[in-house]
Amino acid sequence: DRGVPIFGKNLDGNSSDKKSNNEILTRIGSIMAKHGLGAVTYNVPVSFDTHSSANYGQMNNYNYAGTTTLFNGGLSLANGTKLNAYRKTFEVNGDLSLGASSILRINDNTVLKIGGSGTSSIASWIGTSGTGGKLYLNRTGAYTVTGSGYLRLEKSEVHFGADNAVGATPDVWTYGNLTGKLVSDGDYDQDFGNLRNYGTSGATVFDLNNSSSIWTFEDSSGMTWNAGYDIVNADTNNTVIRFALGSGGGLTATQIGQITLNGTVLTPADTTTDGGYLYVTQAIPEPATLGLIGFVSAGLLAARRFFVI
């Protein structure tokens with residue numbers, strides 16, 4: 001048997017709400033850690049509303065032994081709400097909703113997982129500014145944007161653990177001078193919008209883990225690329241990264257020269273155009289259907305499979 005921890009205590013009535021909340025949450029966290037009650041599960045919807053304050057609220061895990069906070073009933077941030085996910089692991093296994101101008105920010109060495117069942121609606125972006133942080137997108141549509149939402153890559157890693165883990169083809173904004181990278185955790189295909197780079201130096205890493213993933217971007221020839229991209233662990237026979245040709249050809253020659261593929265800096269001669277796409281990897285997906293070709297003069301009808309060597 002063990003005693004039931006008492007969370008409450010007298011607080012300074014003249015202190016700010018922020019200070020009081022931090023004090024009581026710290027006390028709750030330390031008591032929970034002491035009594036082995038570190039894991040917290042919410043099976044009902046949880047919502048946050050900071051009334052568009054410029055300051056970030058704090059969502060803390062205090063048990064350093066490996067706390068995980070589970071939002072099985074869903075998590076929502078009202079318009080303009082800014083919230084830090086701080087320490088250890090947070091999992092959203094229900095619906096996720098981020099209102100306009102709201103930000104759910106991953107702090108240093110913090111993990112955010114979006115999986116289970118449910119839908120996502122992100123009208124802004126998830127902050128990836130935490131060094132050593134990781135965002136796992138483990139269900140189809142885990143990062144589905146609405147309105148002006150987009151996928152932002154700064155210092156944290158973003159892992160794709162399902163086909164079409166990003167929904168509604170979000171634009172991808174990367175900052176090459178920081179430490180973030182996009183990672184494929186398996187043979188998962190993704191459809192993105194435009195690719196933009198606002199870094200000041202260095203390359204943003206795309207780690208394909210020798211997978212047969214197909215990453216498709218929209219024509220990004222008109223987008224800002226202040227720095228480049230380092231594509232690593234790309235399987236030369238199976239990994240595909242491609243850009244829709246659009247009206248600008250997918251990428252400019254300058255942009256192609258800012259890409260390194262498995263250690264080799266690309267030139268336009270290293271790319272291939274096929275089926276309305278510019279391919280920056282060597283692999284090109286093979287059509288899965290049979291084409292029927294009629295030879296009228298010979299009176300023959302032959303079927304053949306199209307192969308790209």
Side-chain angles (χ1 to χ4, degrees), residues 7 11-12 14-30 32-33 38 40 42 45-64 67-71 73-114 120-137 142-159 170-175 177-180 198-199:
F7 291 164
L11 298 173
D12 181 359
N14 294 320
S15 67
S16 67
D17 288 344
K18 181 178 180 181
K19 181 178 179 181
S20 296
N21 287 340
N22 185 66
E23 184 176 346
I24 194 64
L25 287 172
T26 299
R27 177 175 171 78
I28 291 172
S30 63
M32 292 177 72
V40 177
Y42 296 95
V46 176
S47 61
F48 292 87
D49 188 347
T50 60
H51 303 287
S52 300
S53 170
N55 298 319
Y56 278 80
Q58 193 91 319
M59 181 170 62
N60 299 311
N61 275 326
Y62 281 97
N63 185 354
Y64 287 97
T67 293
T68 297
T69 298
L70 301 169
F71 296 99
L75 175 66
S76 64
L77 273 61
N79 292 348
T81 294
K82 297 178 176 63
L83 186 68
N84 283 323
Y86 185 59
R87 294 178 177 163
K88 298 301 178 182
T89 301
F90 298 86
E91 292 187 20
V92 180
N93 295 316
D95 293 345
L96 173 65
S97 176
L98 303 186
S101 301
S102 66
I103 301 172
L104 177 57
R105 185 168 67 182
I106 300 171
N107 271 242
D108 293 352
N109 303 310
T110 300
V111 174
L112 174 61
K113 298 180 179 180
I114 304 173
S120 298
S121 176
I122 300 172
S124 50
W125 44 276
I126 294 178
T128 55
S129 58
T131 301
K134 294 182 179 180
L135 171 61
Y136 289 93
L137 305 177
Y143 201 108
T144 298
V145 298
T146 61
S148 57
Y150 63 96
L151 178 63
R152 185 182 181 100
L153 183 66
E154 297 177 271
K155 297 179 182 179
S156 303
E157 297 178 3
V158 177
H159 290 248
D171 286 357
V172 180
W173 296 18
T174 66
Y175 294 80
N177 54 308
L178 304 178
T179 55
Y198 295 108

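None of these values were measured; they are calculated from a predicted model. The figures that follow rest on heavy atoms only: side chains count, while hydrogens, waters and symmetry mates do not.
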Notebook entry, point to check: Can you list the residues that meet the ring pair (Phe, Tyr, Trp, His ring centres under 6.0 Å) rule with Phe71, with sequence neighbours excluded?
Noted result: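 Residues passing ring pair (Phe, Tyr, Trp, His ring centres under 6.0 Å) with Phe71: Tyr42.
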
Nearest 0.5 Å, please: how far is [atom2] in [Y] from [atom1] in [X]?
X: Met59; Y: Leu83; atom1: CE; atom2: CG; value: 4.5 Å
X: Leu96; Y: Leu98; atom1: CG; atom2: CG; value: 4.5 Å
X: Thr110; Y: Lys134; atom1: OG1; atom2: NZ; value: 12.0 Å
X: Lys155; Y: Thr131; atom1: NZ; atom2: OG1; value: 4.0 Å
X: Ser97; Y: Leu75; atom1: OG; atom2: CG; value: 9.0 Å
X: Leu112; Y: Phe90; atom1: CG; atom2: CZ; value: 8.5 Å

Are the side chain of [X] and the backbone of [Y] linked by a donor-acceptor contact shorter than 3.5 Å?
X: Thr174; Y: Gly199; answer: no
X: Asn61; Y: Arg87; answer: yes
X: Thr81; Y: Thr50; answer: yes
X: Asn60; Y: Tyr86; answer: no
X: Ser102; Y: Ala100; answer: no
X: Ser156; Y: Gly130; answer: yes

Is there a side-chain contact between Tyr150 and Tyr143, using heavy atoms and a 4.5 Å cut-off?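 Heavy-atom side-chain distance check fails, nothing below 4.5 Å.
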
### Query
Are any non-hydrogen side-chain atoms of Tyr136 and Glu91 less than 4.5 angstrom apart?
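They are not in contact (no side-chain heavy atoms under 4.5 Å apart), so the answer is no.
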
Exercise for review: State which residues pass salt bridge (charged side-chain N to carboxylate O under 4.0 Å, His left out) with Asp171; sequence neighbours excluded, sorted by chain then number.
Suggested key: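 If we apply the salt bridge (charged side-chain N to carboxylate O under 4.0 Å, His left out) test to Asp171, skipping adjacent residues, the hits are Arg196.
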
query: Given Thr89, which of Thr69, Thr67, Thr68 fulfils the side chain to side chain contact (heavy atoms under 4.5 Å, CB included) condition?
result: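 With Thr89 as partner, side chain to side chain contact (heavy atoms under 4.5 Å, CB included) holds for just one option, Thr68.
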
Could you report the tightest heavy-atom contact between [X] and [Y], atom names first, then the distance?
X: Thr146; Y: Ser121; result: CG2-OG, 3.5 Å
X: Asn79; Y: Ser52; result: O-OG, 3.6 Å
X: Ser101; Y: Ser124; result: N-CB, 3.9 Å

query: By side chain to side chain donor-acceptor pair (under 3.5 Å), which residues pair with Asn84, not counting sequence neighbours?
result: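 Side chain to side chain donor-acceptor pair (under 3.5 Å) check on Asn84 returns Gln58, Arg105, Asn107.
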
Worked verdict on Phe48 versus Leu104 for side-chain contact (heavy atoms from CB on, under 4.5 Å) | CA-CA 10 Å; Phe48 292 87; Leu104 177 57; over 6 Å; no

- request: Start with the C-alpha gap between Leu135 and Ile114, add the side-chain angles, then the distance that decides, and say whether side-chain contact (heavy atoms from CB on, under 4.5 Å) holds.
  value: CA-CA 8 Å; Leu135 171 61; Ile114 304 173; 4.2 Å; yes

